[in-house]
Amino acid sequence: MKRTAQVPLLVLTGLGLLHTALFTDLYLRYVKEGLRPLLIISGALLLLLGLAHAALDRGSADEEKHDHGHDPGHDHGHDHSTAPRIAWLLFLPALSLLFYAPPALGAYTASHAGSEAVKQQKRFAALPATSPLPMTLTDFTTRVQQDKELAIKGRSVEMTGFATPVRGGGWDLTRIIFTCCAADAQTVKVHMYGTPAPPANTWLAVTGTWHTQGALGTRTAAAALDVHSTRNIAQPVNAFTDDLPLTPSS
């Protein structure tokens, strides 16, 4: 890659980051919401660096041309400031940030990952009387496998996530969780019983009761639900957390 191509690469990357983080929610496909300010700062710095680089190169070229009366780019007949040709591929992710955002992680990734191990929890707060009871997949799994008071027994709960088909039949309600970004994503799943598998990556709100399998309140209890009803929902803004869903921005 010639030196003259490095400037547009910096500018395109900076513009792509600014476009993604300032004017869309697409950045949430790849990083947690709290990293948005850093993306904006990084995009601005790359853009300024590219523009400054271009201005300095132009100034240096004009000065040398004035001093020597010829174009310095022709001194040796070729440019020494080159990089391997494969470096041109760096333009692809830069352009994709502007024109085609890579798809978010989904059912394919989840189907090849195990479910996240729930953390040990000794004390549980009393559950509200709301029915159905909104719960995250992690909270449901933790209650099922660790709550000695069996507070989840017989309770109608509602959880949200996307559908992940299971090899051999059936499906899981799934959430993918970013600790920082897509590179450290973890998966939490609750198996669904009593309803046909919807298309992969379909976002759903599912209502049901714990599927009796194993001893409730122990590690033998299955993280599973007998489904009473489902309804399609839009992918929430906080899709890569295991929080109660936030309404997508309009």
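Predicted model only: the values in this text are computed from it and were never measured.
- When the side chains of ILVMFWY residues are joined at heavy-atom separations under 4.5 Å, either directly or via intervening members, Leu105 and Val166 end up in two distinct hydrophobic clusters.
- The side-chain hydrogen bond (donor to acceptor under 3.5 Å, both in side chains) pairs that include a residue from residues 127-137 are Thr136-Asp139, where partners are two or more places apart or lie in different chains.
- Remark: Thr202 engages no residue in a side chain to side chain donor-acceptor pair (under 3.5 Å) (not counting sequence neighbours).
- In this structure, Leu48 stands alone, with no Ile, Leu, Val, Met, Phe, Trp or Tyr side-chain heavy atom under 4.5 Å from its own, directly or through other members.
- Of all the heavy atoms in Thr141 and Ala223, the pair that sits closest is OG1-CB, 3.7 Å.
- Side-chain contacts under 4.5 Å among hydrophobic residues (ILVMFWY), followed directly or transitively, place Tyr108 with no other residue at all.
- Between Thr230 and Pro198, the closest side-chain pair of non-hydrogen atoms is not below 4.5 Å.
- The stretch residues 181-196 participates, sequence neighbours left out, in no salt bridge (Lys or Arg N to Asp or Glu O under 4.0 Å) pair at all.
- The backbone N or O of Leu246 sits less than 3.5 Å from a side-chain atom of Asn238, completing a donor-acceptor pair.
- Here salt bridge (Lys or Arg N to Asp or Glu O under 4.0 Å) pairs that include residues 146-160, with residues two or more places apart or in two chains, are Arg143-Asp147, Glu158-Arg231.
- There is no path of hydrophobic side-chain contacts, each under 4.5 Å, that joins Leu244 to Ile233.
- Residue Leu45 shares its hydrophobic cluster (ILVMFWY side chains chained together at separations under 4.5 Å) with Ile41.
- With sequence neighbours left out, the ring-ring contact (aromatic ring centres under 6.0 Å, His included) criterion links Phe240 to Phe178.
- Taking the side chain to side chain donor-acceptor pair (under 3.5 Å) definition, one finds that Thr220 meets it with Thr218, sequence neighbours left out.
- No donor-acceptor pair closer than 3.5 Å links the side chain of Thr13 to the backbone N or O of Leu10.
- Listed by chain and residue number, Arg175 satisfy the side chain to side chain donor-acceptor pair (under 3.5 Å) test with Thr160 (two or more places apart in sequence, or in another chain).
- Of all the heavy atoms in Ser111 and Pro165, the pair that sits closest is CB-O, 4.4 Å.
- Within the 4.5 Å cutoff, no side-chain heavy atoms of Trp203 are placed close to those of Pro245.
- In this structure, Pro199 and Ala163 approach most closely via the heavy-atom pair O-CB, 3.7 Å.
- A heavy-atom distance below 4.5 Å is not found between the side chains of Phe162 and Gln235.
- Scored by the salt bridge (charged side-chain N to carboxylate O under 4.0 Å, His left out) test, Asp242 finds no partners at all (sequence neighbours excluded).
- Looking at Asn201, its side chain does come within 3.5 Å of a backbone N or O of Ala107 through a donor-acceptor pair.
- Other members of the cluster containing Val188 are Leu127, Leu133, Met135, Leu137, Phe140, Val144, Leu150, Ile152, Val157, Met159, Trp171, Leu173, Ile177, Val190, Met192, Leu204, Val206, Trp210, Leu216, Leu225, Val227, with ILVMFWY side chains joined at under 4.5 Å, either directly or via other members.
- Residues Lys119 and Thr142 share a closest heavy-atom pair of O-CG2, 4.4 Å.
- Using a 4.5 Å heavy-atom cutoff, the side chains of Lys122 and Gln146 are not in contact.
- Annotation for Ala110 and Thr164: closest pair CB-OG1, 3.7 Å, computed over non-hydrogen atoms.
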